[in-house]
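We're numbering straight along the sequence, starting at 1.
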Amino acid sequence: MWEVLVINFNKLSNDEGKFLEQYFDNHIAPFLSPMIIGKQQPFPFLANKQMYAIVLLTSQKGKKKTGIIPCSNSVFKRLIEIPTRPGCFMLSEELILHFASKLYPKYHIREKSVLRVTRNADIDAAEVYDDDLDYRNMMEELIKKMKRLNPVRVELSRKLNKKAIEELSNFLEIGTDHIINVKTPLDLSFVFQLQNYLRTQTELFYEKRSPQLSPSLNMKESIIEQIEKKDVLLSYPFESMKPFIKMLQDAAEDPEVVSIKMTLYRVADRSKIIEALIEAAENGKEVVVLIELRARFDEANSIEMSHRLEEAGCQILYGLGDYKVHSKLCLITKTKEDSFEYITQIFPVMV
């Protein structure tokens with residue numbers, strides 16, 4: 001049986017403690033920016049869901065100060081393996097907290113904790129929308145504001161005294177009842193890193209399952225020609241989206257296709273659908289895309305995709321008034337001798 005532990009520094013041997021101290025000195029400390037709150041340094045802005053060490057200090061003259069150390073840093077690893085204990089790890093924020101005295105050598109540390117602020121992410125474009133404003137520009141401004149919205153919760157890994165809690169409450173403009181102590185690590189995203197460590201233990205993982213190609217379609221032939229012969233029902237995510245993507249790629253190159261019209265709600269960073277639409281526009285097709293920018297936590301990516309499509313010559317629409325677009329709809333128009341025909345794809349949304 002495999003056991004994975006996030007271990008407390010105090011449970012390590014002297015040699016293990018020396019190893020981690022050296023690791024801190026060489027791989028973490030050089031990239032930290034400790035601050036001391038005072039008249040010359042006001043309380044800093046604490047980013048949403050980022051971790052900080054808060055340290056209550058006393059100077060040699062007896063003056064009480066507060067130290068803040070940003071702990072979320074992409075330069076150093078968050079999960080540090082203990083070489084002498086397979087399966088045992090220590091979190092970088094706990095290591096920073098343990099060696100905080102090295103960062104404040106002229107102060108005595110009275111109390112310390114790791115803290116994380118959760119900010120309000122609820123933005124309502126309808127409340128601020130003005131018909132005279134560019135909708136996309138307005139959404140870009142809202143996204144910037146979202147990063148600085150009011151805190152709704154402050155989590156602490158250790159208890160702080162009542163006065164310190166009241167000061168945090170004043171600094172962050174949040175009620176003391178929203179400042180809570182949490183026994184688990186404040187950010188559990190490190191668990192995903194354990195996948196690679198445990199990869200050899202196949203019994204711990206589900207069997208990998210991939211979407212299947214539909215037996216109704218031949219990927220070596222034109223999807224459009226096959227659909228013109230008969231309708232096809234695909235069941236996502238059990239069946240692959242590759243036929244739909246190939247259909248868009250076929251449409252981008254088909255000289256009889258004159259337009260592609262789609263609604264989009266959430267797309268991948270490297271979306272093949274976006275690439276196909278761009279190719280179609282560059283090939284002279286009329287491409288009209290309605291992009292729903294109000295995709296929670298994905299607004300920035302949607303805006304970036306809209307810029308790319310627009311630069312390629314696509315016509316972009318944003319939302320429908322009070323309605324939020326979730327359905328993925330596609331309409332391809334083809335000329336057919338003296339007539340025309342439509343090819344459609346409908347992604348129903350289950351509510």
Side-chain angles (χ1 to χ4, degrees), residues 1-6 49 74 77-79 81 86-87 89 91 121 184-185 187-253 260 262-280 289 291-292 294-302 304-305 308-309 324-332 343-351:
M1 180 178 177
W2 273 79
E3 188 175 37
V4 176
L5 297 174
V6 176
K49 293 188 176 181
S74 60
K77 295 191 298 183
R78 180 160 179 239
L79 201 60
E81 186 175 358
F89 299 85
L91 298 175
T184 59
D187 181 355
L188 292 172
S189 61
F190 69 87
V191 173
F192 293 104
Q193 299 175 34
L194 293 172
Q195 293 182 71
N196 294 331
Y197 179 79
L198 298 171
R199 189 61 65 182
T200 56
Q201 311 304 310
T202 55
E203 69 274 13
L204 298 177
F205 294 86
Y206 289 110
E207 179 185 350
K208 184 177 180 180
R209 300 186 182 275
S210 302
Q212 300 298 300
L213 290 172
S214 172
S216 303
L217 294 168
N218 185 344
M219 292 294 289
K220 294 181 180 180
E221 298 178 3
S222 168
I223 300 297
I224 288 180
E225 291 178 3
Q226 295 177 71
I227 293 173
E228 287 175 324
K229 295 176 183 178
K230 64 174 183 176
D231 293 340
V232 176
L233 176 65
L234 299 178
S235 180
Y236 302 131
F238 306 104
E239 290 183 302
S240 173
M241 284 192 65
K242 289 181 180 179
F244 173 63
I245 294 171
K246 186 176 188 302
M247 182 182 73
L248 287 179
Q249 294 168 340
D250 292 343
E253 299 175 358
I260 303 174
M262 279 194 71
T263 65
L264 290 178
Y265 177 82
R266 297 193 191 278
V267 290
D269 291 339
R270 298 180 181 180
S271 171
K272 292 183 180 180
I273 291 176
I274 297 295
E275 296 300 330
L277 293 174
I278 288 174
E279 182 183 358
V289 183
I291 297 181
E292 179 54 77
R294 295 169 293 180
R296 181 66 65 87
F297 304 119
D298 206 22
E299 298 94 343
N301 185 52
S302 298
E304 174 61 26
M305 292 301 106
R308 289 187 59 203
L309 290 168
K324 189 172 182 179
V325 178
H326 280 261
S327 295
K328 284 79 170 176
L329 309 175
C330 178
L331 176 66
I332 297 171
I343 297 170
T344 63
Q345 166 111 347
I346 301 174
F347 297 72
V349 175
M350 303 301 292
V351 179

Sequence neighbours excluded, which residues qualify as salt bridge (Lys or Arg N to Asp or Glu O under 4.0 Å) partners of E275?
R308
Under 3.5 Å: donor-acceptor pair, side chain of S240, backbone of P211:
no
Count the heavy atoms of every other residue, nucleotide or ligand shown that sit under 6.0 Å from CZ of F192, and state whether that count exceeds 12.
no
Run the numbers on I274 and L309 for side-chain contact (heavy atoms from CB on, under 4.5 Å), then give the verdict.
CA-CA 7 Å; I274 297 295; L309 290 168; 3.9 Å; yes
Would you compute the distance between atom CD1 of I346 and atom CG of L233 and round it to the nearest 0.5 angstrom?
11.0 Å
Which atoms form the tightest heavy-atom contact between A252 and A276, and what is the distance?
CB-O, 3.9 Å
Hits for side chain to side chain donor-acceptor pair (under 3.5 Å) against Q249, two or more places apart or cross-chain, chain-then-number order -> none
Can we call the ring centroids of Y197 and F89 under 6.0 Å apart?
yes
Going by the rule side chain to side chain donor-acceptor pair (under 3.5 Å), which residues pair with E228 if we only count those two or more places apart in sequence or in a different chain?
K334
Short question: side chain of K246, backbone of K220 - any donor-acceptor pair under 3.5 Å?
no
So which heavy atom on L213 is nearest to which on P243, and how close?
CD2-CD, 4.3 Å
Result for side chain to side chain contact (heavy atoms under 4.5 Å, CB included) between L248 and one of K272, Q345, M262 points to M262
If you round to the nearest 0.5 Å, how far is CD1 of I224 from CD1 of I332?
5.0 Å
CD1/I278 to OG/S271 distance, rounded to the nearest 0.5 angstrom?
9.0 Å
Do any N or O atoms from the side chain of Q212 and from the backbone of S210 form a donor-acceptor pair under 3.5 angstrom?
yes
How many angstroms lie between atom CG of L264 and atom CG of L329, to the nearest 0.5 angstrom?
10.0 Å
How long is the span from the SG atom in C330 to the CE atom in M247, to the nearest 0.5 Å?
4.5 Å
What heavy-atom pair brings Q193 and L79 nearest, and what distance separates the two atoms?
OE1-CB, 3.6 Å
Got a second to check how far M305's CE is from I291's CD1, nearest 0.5 Å?
9.0 Å
List the atom of V6, the atom of F190, and the distance in Å for their closest heavy-atom pair.
CG2-CE1, 3.8 Å
Count the heavy atoms of every other residue, nucleotide or ligand shown that sit under 6.0 Å from CZ of R199, and state whether that count exceeds 12.
yes
Over all atoms of both residues, closest heavy-atom pair of Q226 and L217:
OE1-CA, 3.4 Å
Is a side-chain N or O of S222 found less than 3.5 angstrom from the main chain of E225, in a donor-acceptor match?
yes
